[in-house]
There are 2 protein chains.
Amino acid sequence: MNRKDPRAAGLARLAALIADETRAACLLALLDGRAWTAGELARHCGVAASTLSEHLGKLVAGGLLAEERQGRHRYVRPADARVAQVVEDLASQIAPGAAEPPRTLRQSGAGSAMARGRTCYDHLAGRLGIAVTDALTARGLLRQDTGFALTDAGLRWFGTAGIPLDRRGRRPLARACLDWTERRPHLAGVAGAALCSHALREQWCVRIGSERAVKVTDAGERALSALLGLDAAALR
Amino acid sequence: MNRKDPRAAGLARLAALIADETRAACLLALLDGRAWTAGELARHCGVAASTLSEHLGKLVAGGLLAEERQGRHRYVRPADARVAQVVEDLASQIAPGAAEPPRTLRQSGAGSAMARGRTCYDHLAGRLGIAVTDALTARGLLRQDTGFALTDAGLRWFGTAGIPLDRRGRRPLARACLDWTERRPHLAGVAGAALCSHALREQWCVRIGSERAVKVTDAGERALSALLGLDAAALR
DNA sequence: GGGACACTTCGGTGAACGCCGAAGTGTCCG
DNA sequence: CGGACACTTCGGCGTTCACCGAAGTGTCCC
């Protein structure tokens, strides 16, 4: 296996795509699960549009992003859930070092809103995500002590709650995603995504600002209390 | 969040450590779970000792590797199981592209031995790892359909098999690790590591050559057949 | 003590890469 | 049709970084 291991070359090539600060900022921004335009990302990252255009070219060519052209706009989003998962895993790996205190009051406000509740690509995170995950676990719907899997009761709960789970495809039904503010795992995978999209569709929570932060509504408090015995008022 | 997102900087810094082909080859080599010396890695990668020394310095400073100095040797190994996990996840992410046919007969022989059975950091992989995982699942000891977790019967099985599971610590008991030859998940986490070290200790399987490949012994065939109903002879 | 050995430090070289602004392409809309 | 707009391509600049060999440090063993 001397010199030029194809696996090493592939690993290095993939890591190199993430190894640039501007590209990393793009990937993190795209974890909000929504498609961004090239211009929005350029402003977000503080670089020229031409610079960002080249970065997007590399990320798309490398298979990390998927693009969709609409008129004069170029929308990009993570190519698939696995990409988002790898980025999130990698990012949470270094969370200890990223624990820098917020500078301004405005950032502090945004940060605490993000800590309260946010989306993590396509599922719920922050204290809201943890609270839901813990409630599922306490009710015996999710098993965390021997791994991370829904129980049979959990499967039924999704059915009766009217949240369909697409069990085709290779994506795991339940997966642990390390929460970078709470430092504990929250629910990801098919079930996490279904729960989050249901919550947004039913307006249990709504997005606030342009970031990933979400806030629980009155209807959401009632629903989460009825279905999971969750004191969502504590998340205000 | 304009310009200089500390999270993006951290993510990019971490990815940059993996983004060099020589460092990537080192990390992949160290997934065999054993400590290598700087010289061994230099020969493995085909670079000068001085070059490799600098790479090791960066990987250790970056927290990816832990080092242990013994006399004139410098032994390195992954800093913890999470590092090995991230590297393995990232590597399996690009496995499709790495599917290049082996060139020489010697490489082909080594490749098929690796495909038959190998260690993946501290647990079993390859057809052997998949066979064990599937046997555990078929016997109702491991649940894969709703996530990835041991069942209560599985917990008892480890107890009666005399394989202790250390349930302190934050490392999950059971975790799915995507097998890059089989393209399916095998058992990792505390349970996977305990099973693998038990198998090596009891000589159910032994390492062959200097790589990660392992081969099932006669005693291993008997034990795996008795405990899991596994036809290990098929793995010869 | 002295030589073999493993690793590290240092200076220098060449290539890769991120960045920008300017110019170009394609789309939208009045 | 023509101007505003979003994005892309191009040339050039400066920095970073992997690499090597030579020289240096520390360890082992005869």
Side-chain angles (χ1 to χ4, degrees), chain A residues 2-5 8-30 34-62 64-77, chain B residues 2-5 8-30 34-62 64-77:
Chain A
N2 224 17
R3 198 66 174 151
K4 296 300 163 199
D5 176 354
L11 176 57
R13 206 172 335 113
L14 173 60
L17 285 175
I18 314 176
D20 176 78
E21 183 169 347
T22 301
R23 284 196 297 267
C26 290
L27 290 168
L28 287 174
L30 289 166
R34 288 179 291 187
W36 290 51
T37 66
E40 286 169 342
L41 284 171
R43 277 188 298 278
H44 173 79
C45 298
V47 297
S50 58
T51 301
L52 203 111
S53 177
E54 291 171 355
H55 285 308
L56 289 188
K58 292 182 184 182
L59 289 170
V60 170
L64 289 186
L65 298 186
E67 66 180 356
E68 208 163 326
R69 310 246 178 181
Q70 279 184 19
R72 52 186 170 184
H73 292 284
R74 178 195 208 177
Y75 287 95
V76 289
R77 57 183 165 78
Chain B
N2 226 18
R3 200 64 174 155
K4 296 299 160 199
D5 176 353
L11 176 58
R13 208 173 332 113
L14 173 61
L17 285 175
I18 314 177
D20 176 78
E21 183 170 347
T22 300
R23 284 195 296 269
C26 290
L27 290 168
L28 288 175
L30 289 165
R34 289 179 291 186
W36 291 49
T37 66
E40 286 169 342
L41 284 171
R43 276 189 299 280
H44 174 80
C45 298
V47 297
S50 58
T51 301
L52 204 112
S53 177
E54 290 171 355
H55 285 309
L56 288 188
K58 292 183 185 181
L59 289 170
V60 170
L64 289 186
L65 297 186
E67 67 182 353
E68 208 165 325
R69 309 245 178 181
Q70 278 182 20
R72 52 187 169 182
H73 292 283
R74 179 194 207 178
Y75 287 95
V76 289
R77 57 183 165 77

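Proteins come first, then strands; the chains are lettered A, B, ... in the order of their sequence lines, and each starts at number 1. Below, each value reflects all heavy atoms present in this structure, side chains not excepted, and no hydrogens, waters or symmetry copies.
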Heavy-atom check, side chain of [X] versus side chain of [Y], under 4.5 Å:
| X | Y | value |
| --- | --- | --- |
| B/R13 | B/L17 | no |
| B/W36 | B/R77 | no |
| B/C45 | B/E21 | no |

Determine the sole option in A/I18, A/L59, A/L41, A/L65 for which the side chain to side chain contact (heavy atoms under 4.5 Å, CB included) test with A/R23 is passed. A/L59

Between the opening five pairs and the closing five pairs of the helix from C/dG1-D/dC30 to C/dG30-D/dC1, how far apart are the helix axes, to 10°? 30°

Think B/H55 has a side-chain N or O under 4.0 angstrom from the OP1 or OP2 of D/dC19?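 Yes, because at least one side-chain N or O of B/H55 sits under 4.0 Å from OP1 or OP2 of D/dC19.
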
Check this one for me: any side-chain N or O of A/K58 less than 4.0 Å away from OP1 or OP2 of C/dC17? no

Under 3.5 Å, which N/O atoms of the protein pair with N/O atoms of nucleotides 2-9 of chain C?
| residue | atom | partner | partner atom | Å |
| --- | --- | --- | --- | --- |
| C/dC5 | O2 | B/R72 | NH1 | 3.0 |
| C/dA6 | O3' | B/R72 | O | 3.2 |
| C/dC7 | OP1 | B/A38 | N | 3.2 |
| C/dC7 | OP2 | B/G39 | N | 2.7 |
| C/dT8 | OP1 | B/R69 | NH1 | 3.3 |
| C/dT8 | OP1 | B/R74 | NE | 3.2 |
| C/dT8 | OP1 | B/R74 | NH1 | 2.7 |
| C/dT8 | OP2 | B/S53 | OG | 2.5 |
| C/dT8 | OP2 | B/R74 | NH1 | 3.3 |
| C/dT8 | O5' | B/S53 | OG | 3.2 |

Minimal non-hydrogen separation, A/T37 against A/E40, with atom names: N-OE1, 3.0 Å

Grab the two heavy atoms, one from B/L56 and one from B/A38, that are nearest each other, plus how far apart they are.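 For B/L56 and B/A38, the tightest heavy-atom pair comes out as CD1-CB, 3.6 Å.
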
Distance in angstrom units between B/D20 CG and C/dA15 C1', rounded: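 In whole Å, C/dA15 C1' and B/D20 CG are 13 Å from each other.
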
Grab the CG-C1' distance between B/L41 and D/dC19 for me, whole Å please. 17 Å

Could you go through the salt bridge (Lys or Arg N to Asp or Glu O under 4.0 Å) check for A/R69 and A/E67 one step at a time? CA-CA 7 Å; A/R69 310 246 178 181; A/E67 66 180 356; 3.5 Å; yes

For the atom pair CD (B/Q70) and NE2 (B/H73), what is the distance rounded to the nearest 0.5 Å?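 Taking CD in B/Q70 and NE2 in B/H73, the distance rounds to 8.5 Å.
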
